[in-house]
Amino acid sequence: MPIKFYNTLTKQKDEFQPIRKGEVKLYTCGPTVYDTAHIGNFRTFLFEDLLKRYLILKGYQVTHVMNLTDVDDKTILRCNSDHISIHDLTEKYIKLFFDDLHRLKIIPADFYPKATEHVPEMIDMVKKLIDNGYAYKSEDNSIYFNIKKFEKYGKLANLNFAEQKTTQRIATDDYSKDHPQDFVLWKAWKKEDGKVYWESPWGKGRPGWHIECSAMSNKYLGENFDIHCGGVDNIFPHHENEIAQSECANNKPFVNYWLHSEHLLVDGRKMSKSAGNFYKISDLTDMGFTPEALRYLLLSGHYRTNINFSVDKKHEALKVIQRINDFYKRLLDLSSNCNKTDELPEAYNLFIKALDDDLNTPEALAVFFEWMRNTNAHIDNNILSDKDIIYAINFIDEVNVVFDLLISRGFRIPTKIVDLANQRQTARINKDWIKADSIRDQILKLGWIIEDAPHIGYKLKSVLEK
RNA sequence: GGCGUCGUACCCAAGUGGUCCAAGGGAGCAGUUUGCAAAACUGUCAUUCGCCGGUUCGAAUCCGGCCGACGCCUCCA
């Protein structure tokens, strides 16, 4: 079964056909590293992680590039106000970004090119655009792209520039442009830029924002590649401009499939620092959200809808993660004498069918939950065969390739907790319920949950929810 | 002004013409089980899909109007 993706370029679900059989070249817009990324940014990065994991599950060899924008207006402003070099500032936030990626179990990209390390490539591309007649130099030595020369300009964002009403912001913008909506490829140095500049054939300056993604995707993935992703806010102007630059420089189509994720809302509103609903990953882990809980919450809504995040969802997410992990352990405990195979249960086909349809994660999770409930019931009734146990484990392993909701950190049970549990066991055998209950409370206070088996035996679980 | 998205139970969230008198998760309630719990399971939880009309044999799904939330139109995941 082929995968279908909603392609922003065609505005419909298209069957996915890679350029080279079995291979996918994927470019995802990365962070601007002048500040810490927030939960909204990670909604997009997690969508991209899901996409990549699913392509891997389907057997594709994925080459993934994520850029790091380490020079732009905000970054320069921040350096000047904090009296810190651009390198020191961006390295700090790059490190924090990688920490968060790791924490959320996002599979690392193959390349993380930095804008500042690819200026020559960008200059080359601007040169090509000038040579091909698509770009011009303004009075202040900046280079602009002439949108009138590119017939398809506006196709991705579905904007009609001939009838476009000029907004206040554009009208009061740069006077030296031929057309108000032309965008900058190379920005001439200004006093405020301080030490931040590169030499170019047009004098000192720095690259425009959009050119980095065109130049770097070109370098690492080729002039025409398969998939390009980002948040919906990138559709215009960023991705529209990337298309214009790349196609006019190379005279060939740029990207075949454009996938965009919707924004995340917090408590039904746009996240903002002033509204007090602005969260970084570290804020949420401090509140007790586990990486798996965050993955679940951000992947349980479809990527093209606004998902509504709220700290009130912590209980729901932790509960779900606990259920899945308990179920997995339950199966593993039953599997010791079973012969391994790589076969899968029927429900797996429905799971794949849901994800094939433009990554319908809510549907896929529904299939999984329903199957899990039935399988638990079969275990309760002791009617699950050895073969079924192995199929079930295989299924969860596959689900985990895509969602990664199994807790991989080992919880080592402290000796003290085991001792208490054993004392309680003795009390239970002696039917000393008062003592047994009091030890259970004590264990709970130490951060562990004890679950009894009928008559004798127990399980210990770490308290995930505080 | 232009382009576009969304409104489904207490909360979250699929479904986009009949197999839906509407999946799945969380919360609640009742039960099985348990020394009691927990976990697991079972049952219950929207005669109805923002509102009003229309098309159709048939609509949550298509069309029109209205109400409400939101995005983009050169900062933005």
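Order of the sequence lines sets the chain letters (A, B, ...), proteins ahead of strands, with each chain counted from 1.
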(request) Go through the steps to decide whether A:Met125 and A:Leu185 satisfy the test side chain to side chain contact (heavy atoms under 4.5 Å, CB included), and finish with yes or no. (result) CA-CA 9 Å; A:Met125 189 169 246; A:Leu185 298 167; over 6 Å; no

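- Only A:His38, A:Gly40, A:Asn41, A:Thr44, listed by number, bring a heavy atom of residues 36-45 of chain A to less than 4.0 angstrom from any atom of RNA chain B.
- Shown here are the ring-ring contact (aromatic ring centres under 6.0 Å, His included) partners of A:Phe369, two or more places apart in sequence or in another chain: there are none.
- When each of A:Asn141, A:Ile211, A:Ile143, A:Ile130 is paired with A:Trp186, the side-chain contact (heavy atoms from CB on, under 4.5 Å) condition holds for A:Ile143 and for no other.
- If you take atom C1' in B:G43 and the same atom in B:G4, they sit 44 Å apart, rounded to whole Å.
- Put simply, CG on A:Asn160 is 9 Å from P on B:C3, counting in whole angstrom units.
- A salt bridge links A:Asp99 with A:Lys95; the closest basic N to acidic carboxylate O contact falls under 4.0 Å.
- Taking atom CG of A:Leu365 as the reference point, atom P of B:A23 lies 18 Å away to the nearest angstrom.
- Under the 6.0 Å cut-off for aromatic ring centres, A:Phe403 and A:Phe368 do not qualify, their centroids lying 6.0 Å or more apart.
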(message) Output one letter per nucleotide in nucleotides 5-15 of chain B: B when a protein non-hydrogen atom lies under 4.0 Å from the base, S when only the sugar-phosphate is that close, - when neither is.
(response) -------SSSS

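- A distance of about 15 Å separates the C1' atoms of B:A60 and B:A13, rounded to the whole Å.
- When the P atom is used for both B:C62 and B:C10, the distance is 24 Å, rounded to whole Å.
- At a threshold of 4.0 angstrom between heavy atoms, the contacts of A:Lys74 include nucleobase atoms, whether or not backbone atoms are also involved.
- Ion pairing of A:Asp380 with A:Arg330 is present here, as a side-chain N (NZ or NE/NH1/NH2) and a carboxylate O approach within less than 4.0 Å.
- Here the closest heavy-atom approach between residue A:Ile243 and residue A:Phe254 is recorded as CA-CD2, 3.9 Å.
- Taking A:His64 as the reference, nothing meets the ring-ring contact (aromatic ring centres under 6.0 Å, His included) condition, with sequence neighbours excluded.
- Taking atom NZ of A:Lys270 as the reference point, atom P of B:A77 lies 10 Å away to the nearest angstrom.
- Whole-Å rounding puts the A:Asp380 CG to B:U42 P distance at 8 Å.
- Taking the centre of each ring, A:Phe289 and A:Tyr279 stay at or above the 6.0 Å mark.
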(message) Counting Watson-Crick and G-U wobble pairs with both distances under 3.5 Å, what is the dot-bracket string for RNA chain B, 5' to 3', using [ ] for crossing pairs and | for pairs to another strand?
(response) (((((((..(((.....[.....))).(((((.......))))).....(((((..]....))))))))))))....

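- Using C1' as the reference atom, B:A46 and B:C12 are 15 Å apart when rounded to the nearest Å.
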Could you list the protein-to-nucleotides 37-39 of chain B atom pairs, N/O on both sides, closer than 3.5 Å?
from: B:A37; atom 1: N6; to: A:Asp452; atom 2: O; distance (Å): 3.1
from: B:A37; atom 1: N1; to: A:Asp452; atom 2: N; distance (Å): 2.9
from: B:A37; atom 1: N3; to: A:Arg440; atom 2: NH1; distance (Å): 3.0
from: B:A38; atom 1: O2'; to: A:Glu451; atom 2: OE2; distance (Å): 3.4
from: B:A39; atom 1: O4'; to: A:Glu451; atom 2: OE2; distance (Å): 3.4

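- To the nearest whole angstrom, the two P atoms, one in B:A59 and one in B:C52, are 15 Å apart.
- In this structure, the side chains of A:Phe351 and A:Glu398 stay at 4.5 Å or more apart for every pair of heavy atoms.
- What you find for A:Leu406 and A:Ile324 is that their closest heavy atoms are CD2-CG2, 4.0 Å.
- Residues A:Asp326 and A:Lys461 are in side-chain contact: their nearest non-hydrogen atoms beyond the backbone lie under 4.5 Å apart.
- Taking the P atoms as reference points, B:A37 lies 11 Å from B:U32, given to the whole Å.
- Residue-to-nucleotide contacts include a donor-acceptor pair under 3.5 Å from the side chain of A:Asp437 to the base of B:G35.
- Using a 4.0 Å heavy-atom distance criterion, A:Tyr296 is classed as a sugar-phosphate-only contact.
- Protein atom CG of A:Leu101 is 13 Å distant from nucleotide atom C1' of B:A77, rounded to whole Å.
- A cation-pi arrangement is present between A:Arg304 and A:Tyr6, with the terminal nitrogen or guanidinium carbon under 6.0 Å from the aromatic centre and inside a 45° cone about the axis.
- In this entry the distance linking CG of A:Asn325 with P of B:A40 reads 12 Å, nearest Å.
- For A:Asn349, the side-chain hydrogen bond (donor to acceptor under 3.5 Å, both in side chains) test picks out no residue, with sequence neighbours left out.
- Applying the salt bridge (charged side-chain N to carboxylate O under 4.0 Å, His left out) test to residues at least two apart or on different chains, the pairs with a partner in residues 146-158 of chain A are A:Lys152-A:Glu247.
- For the P atoms, the distance linking B:G26 with B:U33 amounts to 23 Å, nearest Å.
- Shortest non-hydrogen contact noted between A:Val266 and A:Asn277 is O-ND2, 3.2 Å.
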Identify the pairs formed between an N or O of the protein and an N or O of nucleotides 43-46 of chain B at a distance under 3.5 Å, and give each distance.
none

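- Mapping A:Asp182 and A:Trp433 onto RNA chain B by nearest heavy atom places A:Trp433 at the nucleotide closer to the 5' end.
- Shown here are the ring-ring contact (aromatic ring centres under 6.0 Å, His included) partners of A:Tyr348, two or more places apart in sequence or in another chain: A:Phe395.
- Remark: C1' of B:A77 and CG of A:Asp49 are 15 Å apart, rounded to the nearest angstrom.
- Near-neighbour residues of RNA chain B inside residues 227-236 of chain A, defined by a heavy atom below 4.0 Å, number-ordered: A:Gly230, A:Gly231, A:Asp233, A:Asn234, A:Phe236.
- Using a 30° and 60° split on the angle between ring planes, A:Phe236 and A:Tyr153 fall in the perpendicular class, above 60°.
- When each of A:His179 and A:Leu265 is assigned the nucleotide of RNA chain B with its nearest heavy atom, A:Leu265 is the one assigned upstream, toward the 5' end.
- Partners of A:Tyr134 under the ring-ring contact (aromatic ring centres under 6.0 Å, His included) rule, at least two apart in sequence or in another chain, do not exist in this structure.
- In terms of heavy-atom proximity, A:Ala354 sits nearest to A:Ala364 at CB-N, 3.6 Å.
- With rounding to whole Å, A:Ile324 atom CD1 is found 11 Å from B:G25 atom P.
- Comparing atom distances between the A:Leu159 side chain and each of B:A77, B:G25, B:C73 picks out B:C73 as nearest.
- Going from the P atom of B:C49 to that of B:A23 covers 15 Å, rounded to whole Å.
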